[in-house]
Visitor: 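Would you mind keeping the following structure in view while I ask a few things?
Just the heavy atoms: all of them, side chains too, but no hydrogens, waters or symmetry mates, feed the values below.
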Amino acid sequence: MTATEHAELSQMLRAAVEETYVAFAEFRRPALPLDVCTACCMPEEVDKQLREWPLKRLTVEHLFEYGDSAKSQVQNPAEVGYFVPRMLELLAQGAEIRHSLAIALDRLGGCPPGSWTASQQSALSGFALAYFALAIRAGIDPSRPALLHDPFEVLLMFDVGGIAIQPLLAHWLECDDPMSTAQFVRESHWRFWGEHDYSNPFAWDRGEFRQVIRAWMLDANTRRRFTEKLLSSDFLAIVPTVRGNAHVSFATMVDGVFEHLVR
C-alpha cells in the first residue's frame, strides 16, 4: 500500500467515525447509573465521569472499564448508543478498549435486534468496511497496533457487535493489495487450515460465525481468487520480505496455504 493509498483509507475511516457521531446523535448522556457493577468492577467515580464528561473527552481507560464491567446479558440501546461513536473512534486510533479485540463491541452486540435505525446500521457498516479495509492492507508486524493484526479477529469483533461481515469478506476477496494476501496466508495458516475451522477462544460459542468463515474459506470462488493472488507478481515480490516466525518461514506458509487452496 502506498502512502497515498494509506492516507485515503485513513481519511475514509475518519469520515466513517464522524458519520457514526451524526447517526447516533439522538442518544443523550445517560442520567441514571450505568449498567455496570460498582461493587467490584468499576469505581462509582468512573461511572459518574462516563455520564457527566463530554463524550469526546472519555478516555481509553473509561471505555475499557465500561466494557469490562459485569453487565446485563441484554443491553440498553439508549445507554450503549450514546457511547458507540466514541468506542469506534478509539478503535480507529488503534486503542485497546477491551483486553481482546474480539469482544471490543460486545455491548453493542448485546442490544436487542432492531435497536438501530437504517441510518445507524449504515453508519456501523460503513465504519466496519473502512476499518477492515485498512486492517487487511496495513501489514502483519506484531509490534504494531491491534488495528494491524489478525483480520479474522477483526471479523469476529464485528460479528460479536452484531454487524454483518459478508461485505467485509467480499472486499477481502476483491482486494488486490499484496499485503492483504499476506494477511490471508499468515492468519489462515495458523488459525484455519489445521482443523478447517477458525481457531479463537472467543469464537468457540459462535458456531454461526465459524460456519460463515468456513463456507467462505472453502468456497470454490474464494479458493480460485486467492490462488490467483498467490501467483501474482506483486505478491511474489513481497514474499521474501515478509517475516514468518521462529519455526516457519513465510515462504513455507505460502506453500502450505497454496496446497490447501488447490486441493
Side-chain angles (χ1 to χ4, degrees), residues 1 6 9-10 13 67 87-88 90-106 108-109 127-161 163-173 175 177-218 222 226 229-230 235 238-239 241-250 252-254 256-257 260-261:
M1 177 170 55
H6 185 274
L9 288 169
S10 296
L13 183 58
M87 290 179 186
L88 301 185
L90 291 171
L91 281 172
Q93 295 169 2
E96 296 182 354
I97 63 172
R98 291 298 300 279
H99 58 77
S100 172
L101 189 68
I103 56 173
L105 299 177
D106 60 345
L108 179 65
F127 174 85
L129 183 58
Y131 186 100
F132 190 70
L134 262 177
I136 61 172
R137 291 169 170 84
I140 50 181
D141 182 347
S143 69
R144 302 177 76 180
L147 172 60
L148 311 185
H149 288 176
D150 177 8
F152 289 107
E153 188 169 18
V154 174
L155 291 168
L156 178 57
M157 173 182 71
F158 288 124
D159 184 73
V160 169
I163 301 170
I165 64 169
Q166 285 79 2
L168 311 185
L169 292 171
H171 178 77
W172 202 359
L173 197 62
C175 181
D177 189 295
M179 192 55 71
S180 76
T181 305
Q183 291 271 50
F184 176 87
V185 167
R186 179 168 176 143
E187 300 309 328
S188 68
H189 172 83
W190 293 115
R191 296 187 178 274
F192 181 81
W193 291 117
E195 301 293 333
H196 282 53
D197 192 10
Y198 176 58
S199 172
N200 185 308
F202 292 105
W204 288 344
D205 62 348
R206 302 192 69 82
E208 186 174 343
F209 169 80
R210 294 193 350 258
Q211 180 54 35
V212 168
I213 296 298
R214 186 173 190 275
W216 183 77
M217 289 288 294
L218 300 181
T222 301
F226 275 100
K229 293 184 186 189
L230 263 61
F235 175 72
I238 72 166
V239 168
T241 70
V242 179
R243 289 193 308 178
N245 66 16
H247 306 289
V248 182
S249 70
F250 183 71
T252 298
M253 294 181 200
V254 173
V257 169
H260 283 290
L261 291 173

Visitor: Using atom types as modelled and distance alone, determine if a side-chain donor or acceptor of Arg214 lies under 3.5 Å from a backbone N or O of Tyr198.
Guide: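 Not at all, since once roles are kept as given, no pair shorter than 3.5 Å links the two residues.
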Visitor: Going by side-chain hydrogen bond (donor to acceptor under 3.5 Å, both in side chains), name the residues that satisfy it together with His260, two or more places apart in sequence or in a different chain.
Guide: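 Testing His260 for side-chain hydrogen bond (donor to acceptor under 3.5 Å, both in side chains), a comparison that skips the adjacent residues, returns Arg263.
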Visitor: Look at the side chain of Arg186 and the backbone N and O of Arg243, then say whether any donor-acceptor pair between them is shorter than 3.5 Å.
Guide: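 Flag set: sc Arg186 to bb Arg243 pair under 3.5 Å.
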Visitor: Applying salt bridge (charged side-chain N to carboxylate O under 4.0 Å, His left out), can you list everything that pairs with Arg206, at least two apart in sequence or on another chain?
Guide: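 Counting only residues at least two positions away or on another chain, Arg206 forms a salt bridge (charged side-chain N to carboxylate O under 4.0 Å, His left out) with Asp159.
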Visitor: Which heavy atom of Leu230 sits nearest a heavy atom of Val254, and at what distance?
Guide: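 In this case the closest contact between Leu230 and Val254 is CD2-O, 3.9 Å.
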Visitor: Identify the heavy atoms of Met217 and Ser188 that sit nearest to each other, and give their distance.
Guide: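 Minimum heavy-atom separation between Met217 and Ser188: CE-CB, 3.6 Å.
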Visitor: Just by distance, do the side chain of Arg98 and the backbone of Gly67 share a donor-acceptor pair under 3.5 Å?
Guide: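 Yes; at least one donor-acceptor contact below 3.5 Å.
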Visitor: What's the separation between atom CG in Leu261 and atom CZ in Phe184, rounded to the nearest 0.5 Å?
Guide: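 Spacing of CG (Leu261) from CZ (Phe184) equals 5.0 Å.
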Visitor: Check Asn200 against Arg191 and note the closest heavy-atom contact, atom names and distance.
Guide: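 That closest heavy-atom pairing would be ND2-NH1, 4.4 Å.
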Visitor: Residues two or more places apart in sequence or in another chain: which of them pass side-chain hydrogen bond (donor to acceptor under 3.5 Å, both in side chains) with Asp177?
Guide: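 So Asp177 forms no side-chain hydrogen bond (donor to acceptor under 3.5 Å, both in side chains) with any residue.
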Visitor: Can you name the residues that form a side-chain contact (heavy atoms from CB on, under 4.5 Å) with Ala102, not counting sequence neighbours?
Guide: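 Per chain and number, Ala102 pairs via side-chain contact (heavy atoms from CB on, under 4.5 Å) with Ser100, Glu153, Leu156, Phe202.
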Visitor: Taking the side chain as every heavy atom from C-beta outward, state whether Val160 and Leu105 have any pair of such atoms under 4.5 Å apart.
Guide: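 A side-chain contact under 4.5 Å is absent here.
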Visitor: Would you call the rings of His196 and Trp193 parallel, tilted or perpendicular if under 30° counts as parallel and over 60° as perpendicular?
Guide: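 Taking Trp193 first and then His196, their aromatic rings stand perpendicular (interplane angle over 60°).
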Visitor: Have a look at Phe152 and tell me which of Trp190, Trp172, Phe209 forms a ring pair (Phe, Tyr, Trp, His ring centres under 6.0 Å) with it.
Guide: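 Testing each of Trp190, Trp172, Phe209 against Phe152, the sole residue satisfying ring pair (Phe, Tyr, Trp, His ring centres under 6.0 Å) is Trp172.
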Visitor: What residues form a side-chain contact (heavy atoms from CB on, under 4.5 Å) with Gln166, not counting sequence neighbours?
Guide: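 Once residues adjacent in sequence are excluded, the partners of Gln166 under the side-chain contact (heavy atoms from CB on, under 4.5 Å) criterion are Ala164, Val212.
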Visitor: For the atom pair CZ (Phe250) and OG1 (Thr241), what is the distance rounded to the nearest 0.5 Å?
Guide: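 Spacing of CZ (Phe250) from OG1 (Thr241) equals 8.5 Å.
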Visitor: Just verifying a value: how many Å separate Leu168 CG and Leu173 CG, rounded to the nearest 0.5 Å?
Guide: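 Here the interatomic distance stands at 12.5 Å.
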Visitor: State the CH2-CG distance between Trp204 and Asp197, to the nearest 0.5 angstrom.
Guide: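 The CH2 atom of Trp204 sits 11.5 Å away from the CG atom of Asp197.
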Visitor: Name all residues meeting the side-chain hydrogen bond (donor to acceptor under 3.5 Å, both in side chains) criterion together with Thr222; count only those two or more places apart in sequence or in a different chain, and write none if there are none.
Guide: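 Counting only residues at least two positions away or on another chain, Thr222 forms no side-chain hydrogen bond (donor to acceptor under 3.5 Å, both in side chains).
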Visitor: Would you compute the distance between atom CD1 of Ile213 and atom CG of Leu218 and round it to the nearest 0.5 angstrom?
Guide: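 Here the interatomic distance stands at 11.0 Å.
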Visitor: Show your reasoning for whether ring pair (Phe, Tyr, Trp, His ring centres under 6.0 Å) applies to Tyr131 and Phe158.
Guide: CA-CA 10 Å; Tyr131 186 100; Phe158 288 124; 5.8 Å; yes
Visitor: Using the side chain to side chain contact (heavy atoms under 4.5 Å, CB included) rule, take Arg137 and Leu9 through it: C-alpha gap first, then chi angles, then the decisive distance, then the call.
Guide: CA-CA 10 Å; Arg137 291 169 170 84; Leu9 288 169; 3.4 Å; yes
Visitor: Let me confirm one number: the CD1-CE distance from Ile97 to Met157, rounded to the nearest 0.5 Å.
Guide: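 Atom-to-atom, Ile97:CD1 and Met157:CE are 8.0 Å apart.
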Visitor: Looking only at non-hydrogen atoms, find the nearest pair between Ile165 and Leu155 and report the distance.
Guide: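 Result for this residue pair: CG2-O, 3.4 Å.
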Visitor: Using every non-hydrogen atom in the two residues, find where Ala104 and Leu91 come nearest and quote the distance to one decimal.
Guide: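 Closest approach of Ala104 to Leu91, heavy atoms only: CB-CD2, 4.2 Å.
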Visitor: Please find the pair of heavy atoms, one from Ala133 and one from His171, that lie closest to each other, and give the distance.
Guide: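 Looks like CB-NE2, 3.6 Å.
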